[in-house]
Asks: 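The structure that follows is given in the form of C-alpha coordinates.
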Amino acid sequence: MKRNTIIYTICLLLYGALVVTLIIVNNTVFNNDYRLTTIITILIIMFIITWIFIIIYSKYQIKKDNEQFNDDFNKKLYKKMIDDQEAKLKKYFEYSMVMNTKFNLLIAYFYKGENEKAIEYLNKNRWHNFREDVIIFKGLAYLYNDDLDKALIELEKLKKAERKADYELLNSVCEAVKIKKKTSKVSKLSLPIIREIVKKL
(Lines give C-alpha, C1' and ligand atoms only; values in the text may rest on other atoms or scores of the structure.)
Protein backbone atom coordinates (compact mmCIF):
# COMPACT_ATOMS: atom_id res chain seq x y z
CA MET A 1 0.00 0.00 0.00
CA LYS A 2 1.28 3.48 -0.92
CA ARG A 3 2.39 5.88 1.80
CA ASN A 4 -0.29 8.42 0.80
CA THR A 5 -2.98 5.73 0.94
CA ILE A 6 -1.79 4.58 4.36
CA ILE A 7 -1.92 8.14 5.72
CA TYR A 8 -5.37 8.62 4.19
CA THR A 9 -6.62 5.35 5.74
CA ILE A 10 -5.17 6.22 9.15
CA CYS A 11 -6.86 9.64 9.06
CA LEU A 12 -10.22 8.01 8.28
CA LEU A 13 -9.77 5.51 11.10
CA LEU A 14 -8.79 8.22 13.58
CA TYR A 15 -11.76 10.34 12.54
CA GLY A 16 -14.07 7.36 12.99
CA ALA A 17 -12.49 6.53 16.36
CA LEU A 18 -13.01 10.14 17.49
CA VAL A 19 -16.71 10.04 16.58
CA VAL A 20 -17.23 6.67 18.29
CA THR A 21 -15.41 7.89 21.41
CA LEU A 22 -17.56 11.03 21.57
CA ILE A 23 -20.71 8.93 21.20
CA ILE A 24 -19.65 6.63 24.06
CA VAL A 25 -18.66 9.55 26.30
CA ASN A 26 -21.91 11.37 25.51
CA ASN A 27 -23.99 8.30 26.38
CA THR A 28 -22.12 7.28 29.55
CA VAL A 29 -20.79 10.52 31.03
CA PHE A 30 -22.97 13.39 29.80
CA ASN A 31 -26.28 11.52 29.42
CA ASN A 32 -26.79 12.62 25.82
CA ASP A 33 -25.96 16.31 26.28
CA TYR A 34 -27.60 18.15 23.37
CA ARG A 35 -24.48 20.28 22.66
CA LEU A 36 -22.24 17.24 22.35
CA THR A 37 -24.93 15.44 20.36
CA THR A 38 -24.98 18.39 17.94
CA ILE A 39 -21.20 18.27 17.57
CA ILE A 40 -21.30 14.52 16.89
CA THR A 41 -24.07 14.97 14.32
CA ILE A 42 -22.07 17.69 12.54
CA LEU A 43 -18.95 15.48 12.51
CA ILE A 44 -20.92 12.55 11.04
CA ILE A 45 -22.51 14.77 8.37
CA MET A 46 -19.09 16.24 7.48
CA PHE A 47 -17.68 12.72 7.17
CA ILE A 48 -20.51 11.58 4.87
CA ILE A 49 -20.24 14.71 2.68
CA THR A 50 -16.45 14.33 2.43
CA TRP A 51 -16.76 10.63 1.58
CA ILE A 52 -19.33 11.31 -1.15
CA PHE A 53 -17.13 14.09 -2.57
CA ILE A 54 -14.08 11.78 -2.66
CA ILE A 55 -16.06 9.05 -4.44
CA ILE A 56 -17.43 11.47 -7.06
CA TYR A 57 -14.03 13.13 -7.54
CA SER A 58 -12.21 9.80 -7.89
CA LYS A 59 -14.63 8.57 -10.56
CA TYR A 60 -14.26 11.83 -12.46
CA GLN A 61 -10.46 11.76 -12.18
CA ILE A 62 -10.21 8.11 -13.24
CA LYS A 63 -12.32 8.81 -16.33
CA LYS A 64 -10.19 11.85 -17.16
CA ASP A 65 -6.93 9.95 -16.59
CA ASN A 66 -8.03 7.01 -18.74
CA GLU A 67 -9.07 9.30 -21.59
CA GLN A 68 -5.62 10.91 -21.56
CA PHE A 69 -3.93 7.52 -21.20
CA ASN A 70 -5.85 6.08 -24.16
CA ASP A 71 -5.05 9.13 -26.26
CA ASP A 72 -1.32 8.76 -25.50
CA PHE A 73 -1.58 5.00 -26.06
CA ASN A 74 -3.06 5.48 -29.54
CA LYS A 75 -0.17 7.85 -30.31
CA LYS A 76 2.30 5.28 -28.89
CA LEU A 77 3.69 7.83 -26.42
CA TYR A 78 4.75 5.10 -24.02
CA LYS A 79 7.45 7.07 -22.19
CA LYS A 80 5.01 9.91 -21.57
CA MET A 81 2.46 7.37 -20.30
CA ILE A 82 5.00 6.00 -17.82
CA ASP A 83 6.11 9.45 -16.64
CA ASP A 84 2.50 10.59 -16.20
CA GLN A 85 1.45 7.51 -14.21
CA GLU A 86 4.53 7.61 -11.99
CA ALA A 87 3.85 11.29 -11.22
CA LYS A 88 0.21 10.56 -10.39
CA LEU A 89 1.17 7.73 -8.03
CA LYS A 90 3.22 10.19 -5.98
CA LYS A 91 0.20 12.40 -5.28
CA TYR A 92 -2.84 10.08 -5.38
CA PHE A 93 -4.15 8.63 -2.13
CA GLU A 94 -7.67 7.31 -2.81
CA TYR A 95 -7.65 3.52 -3.38
CA SER A 96 -9.47 3.30 -6.73
CA MET A 97 -7.39 6.14 -8.20
CA VAL A 98 -4.17 4.49 -7.04
CA MET A 99 -5.13 1.06 -8.42
CA ASN A 100 -6.26 2.48 -11.77
CA THR A 101 -2.97 4.37 -12.09
CA LYS A 102 -0.95 1.27 -11.16
CA PHE A 103 -2.74 -0.75 -13.83
CA ASN A 104 -2.16 1.94 -16.46
CA LEU A 105 1.51 2.04 -15.47
CA LEU A 106 1.76 -1.73 -15.86
CA ILE A 107 0.33 -1.50 -19.38
CA ALA A 108 2.75 1.30 -20.24
CA TYR A 109 5.75 -0.73 -19.04
CA PHE A 110 4.74 -3.72 -21.17
CA TYR A 111 4.02 -1.69 -24.32
CA LYS A 112 7.25 0.29 -24.02
CA GLY A 113 9.07 -3.03 -23.92
CA GLU A 114 10.44 -2.71 -20.39
CA ASN A 115 9.68 -6.37 -19.82
CA GLU A 116 11.83 -7.03 -16.75
CA LYS A 117 10.51 -3.92 -15.00
CA ALA A 118 6.94 -4.74 -16.02
CA ILE A 119 7.16 -8.30 -14.68
CA GLU A 120 8.71 -7.12 -11.42
CA TYR A 121 5.95 -4.52 -11.04
CA LEU A 122 3.31 -7.12 -11.89
CA ASN A 123 4.56 -9.52 -9.23
CA LYS A 124 5.14 -7.05 -6.40
CA ASN A 125 1.62 -5.57 -6.44
CA ARG A 126 -1.71 -6.97 -5.33
CA TRP A 127 -4.20 -6.20 -8.07
CA HIS A 128 -7.50 -6.81 -6.26
CA ASN A 129 -10.23 -5.40 -8.55
CA PHE A 130 -7.83 -5.68 -11.53
CA ARG A 131 -6.96 -9.32 -10.82
CA GLU A 132 -8.70 -10.59 -13.97
CA ASP A 133 -7.16 -7.82 -16.10
CA VAL A 134 -3.61 -8.86 -15.22
CA ILE A 135 -4.04 -12.59 -15.92
CA ILE A 136 -2.96 -12.09 -19.53
CA PHE A 137 0.22 -10.34 -18.42
CA LYS A 138 0.98 -13.06 -15.87
CA GLY A 139 0.62 -15.69 -18.58
CA LEU A 140 2.95 -13.82 -20.92
CA ALA A 141 5.41 -13.25 -18.08
CA TYR A 142 5.59 -17.01 -17.45
CA LEU A 143 6.22 -17.66 -21.16
CA TYR A 144 8.90 -14.97 -21.17
CA ASN A 145 10.57 -16.87 -18.32
CA ASP A 146 10.17 -20.22 -20.15
CA ASP A 147 7.49 -21.61 -17.86
CA LEU A 148 4.81 -22.98 -20.17
CA ASP A 149 3.06 -25.01 -17.45
CA LYS A 150 2.28 -21.96 -15.33
CA ALA A 151 1.27 -20.02 -18.43
CA LEU A 152 -1.29 -22.72 -19.20
CA ILE A 153 -2.70 -22.34 -15.68
CA GLU A 154 -3.21 -18.62 -16.38
CA LEU A 155 -4.81 -19.59 -19.71
CA GLU A 156 -7.38 -21.67 -17.83
CA LYS A 157 -8.08 -18.72 -15.54
CA LEU A 158 -8.85 -16.58 -18.58
CA LYS A 159 -11.22 -19.24 -19.86
CA LYS A 160 -13.08 -19.38 -16.54
CA ALA A 161 -13.22 -15.58 -16.39
CA GLU A 162 -14.68 -15.58 -19.92
CA ARG A 163 -12.11 -13.10 -21.19
CA LYS A 164 -12.28 -14.22 -24.80
CA ALA A 165 -9.86 -11.75 -26.42
CA ASP A 166 -7.18 -12.27 -23.76
CA TYR A 167 -7.69 -16.04 -23.93
CA GLU A 168 -7.23 -16.14 -27.70
CA LEU A 169 -4.10 -14.00 -27.51
CA LEU A 170 -2.42 -16.03 -24.78
CA ASN A 171 -3.54 -19.29 -26.37
CA SER A 172 -1.94 -18.26 -29.69
CA VAL A 173 1.39 -17.60 -27.98
CA CYS A 174 1.17 -20.81 -25.93
CA GLU A 175 0.50 -22.85 -29.07
CA ALA A 176 3.52 -21.30 -30.78
CA VAL A 177 5.69 -22.12 -27.75
CA LYS A 178 4.38 -25.70 -27.69
CA ILE A 179 5.38 -26.37 -31.28
CA LYS A 180 8.46 -24.12 -30.97
CA LYS A 181 7.54 -22.30 -34.14
CA LYS A 182 6.35 -18.79 -34.99
CA THR A 183 2.78 -19.04 -36.25
CA SER A 184 0.86 -16.64 -38.49
CA LYS A 185 -1.32 -15.55 -35.56
CA VAL A 186 1.65 -14.75 -33.34
CA SER A 187 3.48 -12.90 -36.12
CA LYS A 188 0.64 -10.34 -36.16
CA LEU A 189 1.01 -9.54 -32.45
CA SER A 190 3.10 -6.47 -31.73
CA LEU A 191 3.42 -6.49 -27.93
CA PRO A 192 7.20 -6.35 -27.22
CA ILE A 193 7.16 -9.19 -24.69
CA ILE A 194 5.56 -11.46 -27.31
CA ARG A 195 8.28 -10.57 -29.81
CA GLU A 196 10.87 -11.54 -27.18
CA ILE A 197 9.11 -14.84 -26.50
CA VAL A 198 8.99 -15.60 -30.25
CA LYS A 199 12.72 -14.86 -30.64
CA LYS A 200 13.45 -17.86 -28.41
CA LEU A 201 11.50 -20.30 -30.63
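Being a predicted model, the structure only gives us computed values, none of them experimental. Numbers here are sequence positions counted from 1.
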Asks: Answer yes when Glu154 and Lys157 have at least one side-chain N-carboxylate O distance shorter than 4.0 Å, and no when they do not.
Replies: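 Salt bridge between Glu154 and Lys157, a charged N being under 4.0 Å from a carboxylate O: yes.
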Asks: Using the ring of each side chain (for Trp, its six-membered ring), is Tyr111 parallel, tilted or perpendicular to Tyr78, with breaks at 30° and 60°?
Replies: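 Correct class here is tilted.
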Asks: Which residue is it: Phe110, Tyr142, Tyr109, Trp127? I am looking for the one with a ring pair (Phe, Tyr, Trp, His ring centres under 6.0 Å) to Phe137.
Replies: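 When Phe110, Tyr142, Tyr109, Trp127 are each tested with Phe137, the ring pair (Phe, Tyr, Trp, His ring centres under 6.0 Å) holds only for Phe110.
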Asks: Have a look at Leu170 and tell me which of Leu152, Ile194, Leu140 forms a side-chain contact (heavy atoms from CB on, under 4.5 Å) with it.
Replies: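 Between Leu170 and the candidates, side-chain contact (heavy atoms from CB on, under 4.5 Å) is satisfied uniquely by Leu140.
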Asks: Run Lys117 and Glu120 through salt bridge (charged side-chain N to carboxylate O under 4.0 Å, His left out) and show every step you take.
Replies: CA-CA 5 Å; Lys117 194 169 185 178; Glu120 180 185 359; over 6 Å; no
Asks: Please collect all side chain to side chain donor-acceptor pair (under 3.5 Å) contacts where either partner lies in residues 191-201, sequence neighbours excluded, each pair once.
Replies: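 Residue pairs with at least one partner in residues 191-201: Glu196-Lys199.
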Asks: Answer whether the closest heavy-atom distance between the side chains of Ile44 and Ile40 falls below 4.5 Å.
Replies: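 The answer is yes, as the side chains (C-beta and beyond) meet within the 4.5 Å cut-off.
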Asks: Tell me which pairs pass side chain to side chain donor-acceptor pair (under 3.5 Å) where either residue lies in residues 164-174, with sequence neighbours left out.
Replies: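 Those involving residues 164-174 are Arg163-Asp166.
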Asks: Considering only heavy atoms from C-beta outward, does the side chain of Tyr92 approach that of Gln61 to under 4.5 Å?
Replies: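 Yes. Closest side-chain heavy atoms under 4.5 Å.
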Asks: Look at Asp84 together with Lys88 and state whether they make a salt bridge at an N to O cut-off of under 4.0 Å.
Replies: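 Salt bridge flag = no for Lys88 with Asp84.
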Asks: Classify the side-chain pair Tyr144/Glu116 by whether it contains a donor and acceptor separated by less than 3.5 Å.
Replies: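 Side-chain D/A pair, Tyr144 to Glu116: present.
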Asks: Got a sec, which residues hit salt bridge (charged side-chain N to carboxylate O under 4.0 Å, His left out) with Lys188, two or more places apart in sequence or on another chain?
Replies: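 For Lys188 there are no salt bridge (charged side-chain N to carboxylate O under 4.0 Å, His left out) partners, ignoring immediate neighbours.
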